[in-house]
Amino acid sequence: LMGYVGFANLPNQVHRKSVRKGFNFTAMVVGESGLGKSTLINTLFNTTLYPRKEPLPPHQERPKTVAIESISADIEENGVRLRLNVVDTPGFGDFVNNDESWKPIVDNIEARFDAYLEQENRVNRSKMQDNRVHACIYFIQPTGHALRPIDIEFMRRLHQKVNLIPVIAKSDTLTDEEILQFKQRVLSDIAYHQIEIFRAPVYENEDEETIAENEEIVNKIPFAVVGSNTEIDTPDGRRVRGRSYPWGVIEVDNEEHCDFVKLRQMLIRTHMEELKEHTNDVLYEKYRSEKLLAMGV
Ligand code: GDP
Ligand code: MG
């Protein structure tokens with residue numbers, strides 16, 4: 001399935017640049033226990049997956065939580081290699097007092113900024129390693145009502161440090177109608193609280209097909225996702241990744257059933273470069289200049 005990620009089909013210029021620099025993309029997943037983070041990561045990779053201990057950035061303190069772990073996979077398509085890293089953050093929101101549950105995550109993101117900043121300040125900058133988080137997938141409980149205070153607090157604390165991509169977890173537990181309404185509600189809550197989620201830039205000189213494809217992806221935010229690591233048989237005799245119900249089968253890779261495919265496309269194909277660029281040019285730059293200012297540099 002990952003053979004279809006299509007990053008070899010990126011626009012030529014972007015593509016050449018990335019091939020030269022090497023693809024390296026890091027996403028983080030955040031949300032309460034049981035919302036399907038680990039399942040979605042596995043669904044996303046569903047390929048030769050190996051746990052890898054991230055080398056700690058030099059001269060860098062260990063992140064303040066032990067709960068943060070990272071897995072990576074090298075994927076190859078048409079001779080182009082992509083290293084996809086996903087940082088899992090178990091335990092968010094699970095404490096009796098959740099007032100500061102965003103903190104270890106902010107610390108982790110900032111520690112990665114610091115590690116990058118430290119490399120930039122070295123004399124020899126030829127071997128820069130970019131472990132910054134390029135996208136944060138935030139899992140919203142499928143309540144069908146509204147964002148909860150913990151969601152709002154988390155996103156407000158994070159939105160100027162990382163590209164936020166909200167998703168509706170376990171969307172197979174909601175009806176299509178409920179999903180549409182919930183998406184509207186989530187978006188209006190986000191707007192009301194002036195939270196900036198990732199907005200893909202629209203390039204006017206892109207061809208119509210690309211513009212349409214990008215619009216279709218962006219219009220699905222917050223993505224209604226379903227994860228599954230088991231293959232099941234559909235009534236019409238196909239074997240699919242999905243979840244089985246008395247009334248039928250929800251297929252993970254079927255765009256009529258959920259937005260998983262769109263989320264994957266956005267991360268690995270259509271918006272990977274934009275997510276990286278926004279991280280570097282806006283989010284990291286803001287962090288860097290504020291830090292240097294605070295240090296009186
Ligand atoms: P995590 O704690 O956020 O990492 O959640 P897990 O991935 O461990 O999933 C918790 C439970 O929810 C497991 O029993 C999964 O099988 C189930 N689960 C995961 N994804 C989905 C989903 O999309 N829909 C439904 N209905 N259940 C899911
Ligand atoms: Mg988990």
Side-chain angles (χ1 to χ4, degrees), residues 1 26-47 49-54 63 65-73 84-96 98 101-102 104-105 108 133 135-145 147-148 150-151 154-155 158 164-180 182-183 186 220-234 240-267:
L1 284 154
T26 302
M28 178 182 256
V29 295
V30 179
E32 275 167 70
S33 276
L35 285 185
K37 299 181 300 296
S38 300
T39 307
L40 194 85
I41 292 173
N42 290 331
T43 313
L44 192 64
F45 284 110
N46 192 29
T47 177
L49 179 73
Y50 58 93
R52 182 174 68 95
K53 268 232 168 103
E54 261 203 355
T65 171
V66 289
I68 290 176
E69 46 198 54
S70 168
I71 50 170
S72 306
L84 182 58
N85 313 297
V86 178
V87 182
D88 198 355
T89 61
F92 170 76
D94 298 340
F95 307 103
V96 178
N98 284 318
S101 50
W102 47 268
I105 293 160
N108 186 274
V133 176
C136 175
I137 303 168
Y138 183 72
F139 284 63
I140 298 167
Q141 229 181 47
T143 61
H145 304 303
L147 286 184
R148 295 162 313 149
I150 191 175
D151 301 323
F154 177 83
M155 289 200 264
L158 270 289
L164 279 179
I165 302 178
V167 302
I168 295 170
K170 297 184 170 180
S171 67
D172 53 320
T173 59
L174 299 172
T175 66
D176 290 352
E177 184 62 29
E178 287 170 329
I179 287 173
L180 282 180
F182 192 37
K183 280 186 173 188
V186 166
K220 293 286 184 195
I221 297 173
F223 299 102
V225 294
V226 176
S228 166
N229 302 309
T230 42
E231 292 198 327
I232 48 180
D233 294 307
T234 62
V240 298
R241 299 195 295 176
R243 307 191 80 90
S244 202
Y245 286 93
W247 42 263
V249 167
I250 293 264
E251 300 173 29
V252 164
D253 298 286
N254 186 333
E255 296 194 33
E256 311 256 291
H257 293 194
C258 75
D259 302 331
F260 170 75
V261 171
K262 287 273 183 277
L263 170 66
R264 187 180 63 191
Q265 279 183 351
M266 181 177 183
L267 291 178

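Counting starts at 1 for both ligands and their atoms, in listed order. Worth saying up front: this structure is predicted, and the values here are computed from it rather than measured.
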Heavy-atom contacts under 4.0 Å between [X] and ligand 1: side chain, backbone, both, or neither?
{"X": "Asp172", "value": "side chain"}
{"X": "Glu32", "value": "backbone"}
{"X": "Tyr245", "value": "side chain"}

- Message: Which residue in the set Glu255, Glu251, Met266 passes side chain to side chain contact (heavy atoms under 4.5 Å, CB included) when paired with Val261?
- Response: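 Among the candidates, only Glu255 passes.
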
- Of Val225, Leu267, Val30, which is the lone residue that meets side chain to side chain contact (heavy atoms under 4.5 Å, CB included) with Ile137?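 Passing option: Leu267.
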
At what distance is the nearest protein heavy atom to [atom], and which residue and atom is it?
{"atom": "atom 11 (C) of ligand 1", "answer": "Lys170 NZ, 4.0 Å"}
{"atom": "atom 5 (O) of ligand 1", "answer": "Gly36 N, 3.0 Å"}
{"atom": "atom 17 (C) of ligand 1", "answer": "Arg243 NH2, 3.7 Å"}

- Message: Closer than 4.0 Å and a protein heavy atom, does any atom meet both conditions relative to atom 22 (C) of ligand 1?
- Response: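 It does; a protein heavy atom is within 4.0 Å.
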
- Item | atom 14 (O) of ligand 1: any protein heavy atom closer than 4.0 Å |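 So far as the 4.0 Å threshold goes, atom 14 (O) of ligand 1 is out of reach of every protein heavy atom.
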
Mind checking whether [X] has an N or O less than 3.5 Å away from an N or O of ligand 1?
{"X": "Gly34", "value": "yes"}
{"X": "Ser171", "value": "no"}
{"X": "Gly227", "value": "yes"}
{"X": "Thr173", "value": "no"}

Is any side-chain heavy atom of [X] less than 4.5 Å from a side-chain heavy atom of [Y]?
{"X": "Asp259", "Y": "Pro222", "result": "no"}
{"X": "Asp172", "Y": "Tyr245", "result": "yes"}
{"X": "Thr39", "Y": "Asn229", "result": "yes"}

Is there a donor-acceptor pair under 3.5 Å between the side chain of [X] and the backbone N or O of [Y]?
{"X": "Lys37", "Y": "Glu32", "result": "yes"}
{"X": "Lys170", "Y": "Gly34", "result": "yes"}
{"X": "Lys220", "Y": "Leu263", "result": "no"}
{"X": "Thr43", "Y": "Ser228", "result": "yes"}

- Message: I'd like to know if Ser33 contacts ligand 1, where contact means a heavy-atom distance under 4.0 Å to any ligand atom.
- Response: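 Per 4.0 Å heavy-atom rule, Ser33 contacts ligand 1.
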
- Message: Using 2.8 Å as the threshold, say whether any N, O or S atom from Ser38 sits that close to the Mg ion (ligand 2).
- Response: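 For Ser38, the answer is yes, given that an N, O or S atom comes within less than 2.8 Å of the Mg ion (ligand 2).
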
- So how far is it from Asn85 CG to Ser72 OG, rounded to the nearest 0.5 Å?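 Result: 3.5 Å between the selected atoms.
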
- Task: May I ask you to list the atoms of ligand 1 that are less than 4.0 angstrom from any heavy atom of Thr39?
- Result: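 Listed by number with element: 6 (P), 7 (O), 9 (O), 15 (C), 19 (C), 20 (N).
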
